[in-house]
There are 4 protein chains.
Amino acid sequence: MQREHHKRKPGRPKASRSSQTMTQILRTASFLFMEHGYEKVSLVTVAQSCGLTKASVYYYFNNKAVLFTECLLLVLKIAHDQTASIMSGSGSLQHRLLTVAQRFMSNAHIEFESMMREASTELTEEQVGSIRTAEQALHILLKDIFQRAIDEGEIAECDPMLLSHVFTAMLTVRNRKEVINEQKSVDQAAEEVIQLLWRGLAPRQ
Amino acid sequence: MQREHHKRKPGRPKASRSSQTMTQILRTASFLFMEHGYEKVSLVTVAQSCGLTKASVYYYFNNKAVLFTECLLLVLKIAHDQTASIMSGSGSLQHRLLTVAQRFMSNAHIEFESMMREASTELTEEQVGSIRTAEQALHILLKDIFQRAIDEGEIAECDPMLLSHVFTAMLTVRNRKEVINEQKSVDQAAEEVIQLLWRGLAPRQ
Amino acid sequence: MQREHHKRKPGRPKASRSSQTMTQILRTASFLFMEHGYEKVSLVTVAQSCGLTKASVYYYFNNKAVLFTECLLLVLKIAHDQTASIMSGSGSLQHRLLTVAQRFMSNAHIEFESMMREASTELTEEQVGSIRTAEQALHILLKDIFQRAIDEGEIAECDPMLLSHVFTAMLTVRNRKEVINEQKSVDQAAEEVIQLLWRGLAPRQ
Amino acid sequence: MQREHHKRKPGRPKASRSSQTMTQILRTASFLFMEHGYEKVSLVTVAQSCGLTKASVYYYFNNKAVLFTECLLLVLKIAHDQTASIMSGSGSLQHRLLTVAQRFMSNAHIEFESMMREASTELTEEQVGSIRTAEQALHILLKDIFQRAIDEGEIAECDPMLLSHVFTAMLTVRNRKEVINEQKSVDQAAEEVIQLLWRGLAPRQ
DNA sequence: AATGAATGAGTGTTCATTCAT
DNA sequence: AATGAATGAACACTCATTCAT
């Protein structure tokens, strides 16, 4: 009889906190992984940073590799979306690249490739694959943009995929203390990097 | 190389050890650290790769942090000397940079900054400092070369130190599978990277 | 079956639970425990095998020890009843023993004593006691049957309780791969075991 | 020059204690495994029972599965050798079997098959195989003895391998409290079991 | 000069158990 | 009646480090 009133599912309803806790773990862990890499971040660190117990982290993520994978997918997705959003905006290509550079360089992170090398022995092939795919999506996005710019004569001819990698590699100067310091802000450094990339070293005659 | 650093006391291996075995450990460990990073390389791995026991490694190096420090100092010194040698040679600046790039890119290694971040929690400030100093020597070398080139109008005006960092950062594309593969050799990639750096993106009119 | 054990209070599931779900848990868990032993069967396995959650299992059984106890009591009662039913049937004693043997040997199960030893550190003395009682009921049943057979001269004189244990112990050969295989079926093995027990090794003159 | 005196190997000599510690671990662990099974025996228990640390156990045995395997191989070898020695002695077959039975029944142990089922998920196929081989060696030993006895008309015709398994299965009654107690010693029980096996149930006419 | 032995601290992972809903 | 969330205790395993020889 009660059942006819409102077919409420039995059991404790999934508290909205549930998803909140999970995303909090994801966010915290993402930050830690990007900051310190795979090995250095222990699950107890993640847990404590969230005010939880190790076992609670395991309640949401089956193991460290899974957590790591989801974190990277999240970070890469955000990076991809942000980049896409910025690049689809108005302004000159140079200016939009600068905006992307500033965005990327504003949050420190371990160089991607190093992190993957560190983690790859612990991840399944599938996990590595999914991360690689998400990473490539970002590079393909940039490559396509560069390709179009080349076609339209906006930039000089070159391998657009290589350019995409070089571009992101250049942004890692952000991590060097001699580059970013009291005298040179991140934004300023980004500007100079982009200018370097744009003009090249060749002297103007 | 050791005699050059007078202030270091901890971090310096016990004197009067058979330099034969010691340099072998150094070389082997250097290779392993550059290949896999700090954490991934256990002292037993180093020992076995030398045909020794863990305890023997401890006989020459007081602890892992000391060994790591000595390794990086060695690697950085070699890199510095090689670069200096190449850059002091003849040929155009662009060509000499290409040679340096090819040399660097030919042996895979974990991105330097990532490795330092990984290791830095285990190293003493002094150890970090000595590595940073050696690293900076390399960048100062490049900076000076770039500065002179700017002064002589060989390359466009820019922050030479930043340029030095950007230059080395660009070389890390070597680690990306999409860049180095069957279709593009390391030397070819190096060439394209240098060309990109030289010409920049701006379209020629 | 529960009503028969008045003295047990801990170890007895909360009253007035939907016997539907409860018996399903009991049946499923019994099977799993007999198949894999105490430790190997986690409550989450039991729950999932029933399409429930761990917490639901706890709703019916206060803890793992209680569930295990109830399972064994159930299994032992079934074994007892089946044996009683078979032995009270017609046919020669040897033939009825064969039927029992075939019944027992047809479903694989961990040797009883091993399972008890595994579980006993987690069970209360009371729980161990109740299981032992149920187990003994089975042996007493057999003992009485053997005693009567001895009295009636149907079998040779011997300690009937020991015989009961030897009889059940012999049936555990069922678990050995060298005994039960493609060439020898369970029923055939049972037959040979019973024949061995019946005739003994002594050569006939 | 020193080298010419006595080519002593460098390093600390393998203390005779070394092997002593190792065999002590083996003995202790064997006892514990036979007493409680695979899962129940944690390596910290083993270590403490030897007055060592967990890590020390790992110094001698790479992991729990390896330790377990070596323990079982040891136990099975001892059992095999003891049995062979006893069976090759003089006296009637019945009497020698009794001696074997008494020997086996005097030390309690978990039923072998149960232990293997418990452990097999953690062992490599190779490890399982080597244990199975050692186990089979014992059964083959018995089988051959039984076969010869059959050939010589010393015992009645039957499947000698099945007999071997039945024989060892019968000895597990040792674990039952109703069999071994204040009123019936192990030796006495062994005697009755052997008598049962020898004479069988069939009434003598 | 080199090594066998031993250890402490830490890591990932599992699981029975509790509690509010 | 049933469940989502959270936890503590245990376990297997690794590794840098020490010390007597």
Novice: Please find the pair of heavy atoms, one from D:E35 and one from D:I110, that lie closest to each other, and give the distance.
Specialist: O-CG1, 3.5 Å
Novice: Quick one: D:F61 CZ to F:dT14 P, roughly how many Å, whole number?
Specialist: 15 Å
Novice: Looking at E:dA5, I'd like to know if its phosphate oxygens (OP1 or OP2) sit under 4.0 Å from a side-chain N or O belonging to D:S56.
Specialist: no
Novice: Are C:Y59 and F:dA1 close enough that a side-chain N or O sits under 4.0 Å from OP1 or OP2?
Specialist: yes
Novice: Return the minimal non-hydrogen interatomic distance between C:L43 and C:V57, and the atom names on each side.
Specialist: O-CG2, 4.5 Å
Novice: I need the full list of salt bridge (Lys or Arg N to Asp or Glu O under 4.0 Å) pairs touching residues 36-51 of chain D, with sequence neighbours left out, sorted by first then second residue.
Specialist: C:E39-D:K40, C:K40-D:E39, C:E122-D:K40
Novice: For E:dA1, does either OP1 or OP2 sit under 4.0 Å from a side-chain N or O belonging to B:T21?
Specialist: no
Novice: Among residues at least two apart in sequence or on other chains, which ones pass salt bridge (charged side-chain N to carboxylate O under 4.0 Å, His left out) with C:R27?
Specialist: none
Novice: What is the separation between atom CZ on A:F68 and atom C1' on E:dG12, rounded to the nearest whole Å?
Specialist: 16 Å
Novice: Could you tell me which residues satisfy side chain to side chain contact (heavy atoms under 4.5 Å, CB included) with D:T53, sequence neighbours excluded, listed by chain and number?
Specialist: D:S56
Novice: Is any side-chain nitrogen or oxygen of D:Y60 closer than 4.0 Å to OP1 or OP2 of E:dG4?
Specialist: no
Novice: Heavy atoms only: give me the nearest D:M115-D:G37 pair and the separation to one decimal.
Specialist: SD-CA, 4.1 Å
Novice: What is the distance, rounded to the nearest whole Å, between atom CD of B:Q24 and atom C1' of E:dA1?
Specialist: 14 Å
Novice: Of all residues at least two apart in sequence or in a different chain, which pass the side chain to side chain contact (heavy atoms under 4.5 Å, CB included) check with D:T28?
Specialist: D:Q24, D:L32, D:S49, D:C50
Novice: Strictly under 3.5 Å: I want the nitrogen or oxygen pairs between protein and nucleotides 11-13 of chain F, one per line.
Specialist:
unit_1 : atom_1 : unit_2 : atom_2 : d
F:dA12 : OP1    : D:K64  : NZ     : 2.7
F:dA12 : OP2    : D:L43  : N      : 3.1
F:dC13 : OP2    : D:Y58  : OH     : 2.9
F:dC13 : OP2    : D:K64  : N      : 2.9
F:dC13 : O5'    : D:Y58  : OH     : 3.4
F:dC13 : N4     : D:K54  : NZ     : 2.3

Novice: Can you pull out the residues from residues 119-130 of chain A that lie within a 4.0 Å heavy-atom distance of DNA chain F?
Specialist: none
Novice: Given Watson-Crick or G-U pairs with both distances under 3.5 Å, what dot-bracket string fits DNA chain E, with | for other-strand pairs and [ ] for crossing?
Specialist: .||||||||||||||||||||
Novice: If the condition is side chain to side chain donor-acceptor pair (under 3.5 Å), which residues does D:E118 pass it with, not counting sequence neighbours?
Specialist: none
Novice: Are any non-hydrogen side-chain atoms of D:I131 and D:F112 less than 4.5 angstrom apart?
Specialist: yes
Novice: For residues 61-73 of chain D, which side-chain N or O atoms pair as donor and acceptor with protein atoms under 3.5 Å away, sequence neighbours left out?
Specialist:
unit_1 : atom_1 : unit_2 : atom_2 : d
D:N63  : OD1    : D:A65  : N      : 3.2
D:N63  : OD1    : D:V66  : N      : 2.9
D:K64  : NZ     : D:Y38  : O      : 3.0
D:K64  : NZ     : D:V41  : O      : 2.9
D:T69  : OG1    : D:A65  : O      : 2.7

Novice: Could you tell me how far apart D:Q20 (CD) and E:dA5 (P) are, to the nearest whole angstrom?
Specialist: 12 Å
Novice: Looking only at side-chain N and O atoms, does A:T53 come under 4.0 Å of OP1 or OP2 in F:dT7?
Specialist: yes
Novice: Distance check needed: E:dT11 P versus A:L67 CG, whole Å only.
Specialist: 15 Å
Novice: Without decimals, in angstroms, what is the distance between A:M22 CE and F:dG4 P?
Specialist: 14 Å
Novice: Ignoring the backbone of C:A55, work out which of F:dA6, E:dC19, E:dA5 is nearest its side chain.
Specialist: E:dC19
Novice: Please list, chain by chain and in numerical order, all residues satisfying side chain to side chain donor-acceptor pair (under 3.5 Å) with C:E113, sequence neighbours excluded.
Specialist: C:R132
Novice: Starting from P on E:dA1, measure out to CD1 on B:I25 and report it in whole angstrom.
Specialist: 12 Å
Novice: Tell me, please, which residues at least two apart from A:S120 pass side chain to side chain contact (heavy atoms under 4.5 Å, CB included).
Specialist: A:V128
